[in-house]
Amino acid sequence: MQIEQLGRYPAANRVIAHVSDTHLLRGGAPLGGVADTVRALGQVVAQLARLGDTLDAIVVTGDVTDLGEADAYRRVRAAVEPLVDATGADLIWVMGNHDERGPFRVGLLDEEPSDEPVHRVLHIGGLRVVALDTSVPGYHHGELDATSLAWLAEVLAEPAPEGTILAMHHAPLPTPLALMDLLELRGQEELADVIRDRDVRLILGGHLHYATNGTFAGVPVSIAGATAYTMDLSAPPRELVGIDGGRSFTLVHVYDDSFVTSVVPVGPFPVVTSFGEEFLAEVEALSPEGRLERFSRKPPAAP
Ligand SMILES: [Fe+2]
Ligand SMILES: [Fe+2]
């Protein structure tokens, strides 16, 4: 899909959909008896399908299922793989604390079950994505043990042509949410030591169930909201409240020397304003001056 450059920036080199915390249950049962996680995931897939072949990769940063059930993994995969077929995008699964390594491997990766961490390195052209498994079997907090950190250090010893994105469920950012700080990533100082002065350009995470951004060891961190339900940052400070709304995913646009992350609300919503392809083609056919007159010029002010 060719989009002509009308402004200062060319189209992004890569477009990555960052989806997180789908939390499906066996049989597609509603989460907490309330949240329709199946419909939400279907809506995300429908929205991403509109991007067509501009989409290069889909990164799912964990809590793919709520209880690690085989049927839940089957359902997520069946929902997402048609999107892969339609767009040609690469698909990258990351383990979360609600996932179980054995069923995750069998259900999503067609591998034999094993309790070893599910770390992976994938390449989108010259861009390297390192999927890190921060889960701790039997617990909900996150941790990278010495073996995992040594593995990461070895991977990062060799830089990638377009740099590296780390994708990890428990991302190293503080949260103001009550109780969630107990479920944070442990060993963050050691992680900082491993990524400092390496080619990591961006860290993607999930787990918090709200979209947020910050920096860690000088690296931008982008945490995607959940598709299952949203943690309410406007709840009283000593309460942790998840709500059936405010769902989102994030798009990562990769440029030569920067990244832009953008939060996309999960609809559907009524359309307020819309310009179609025909109008775009009309604008593209104009001279630079004509384009400004056609789309930037304000109508005369009312008297
Ligand atoms: Fe989650
Ligand atoms: Fe989580």
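One-based numbering along the sequence shown. Atoms within each ligand, like the ligands themselves, are counted from 1 in listed order.
At least one side-chain heavy atom of N97 sits less than 4.5 Å from a side-chain heavy atom of D63.
The only option from L24, T22, D21 that meets the side-chain contact (heavy atoms from CB on, under 4.5 Å) definition with T227 turns out to be T22.
Ring geometry for Y229 against H23 counts as tilted: the plane angle lies between 30° and 60°, on a 0 to 90° scale. In this pair, H169 and H207 present their aromatic rings perpendicular. The plane angle is above 60°, beyond the 30 to 60° band.
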(request) Report the C-alpha separation of R120 and I92 in whole Å, then their side-chain angles, then the decisive distance to 0.1 Å, and conclude whether the side chain to side chain contact (heavy atoms under 4.5 Å, CB included) test is met. (result) CA-CA 9 Å; R120 287 289 180 282; I92 299 164; over 6 Å; no

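Using a 4.0 Å cut-off between a side-chain N of Lys or Arg and a carboxylate O of Asp or Glu, R77 and D110 qualify as a salt bridge.
Protein-derived N/O/S atoms nearer than 2.8 Å to the Fe ion (ligand 1) total 4, waters excluded.
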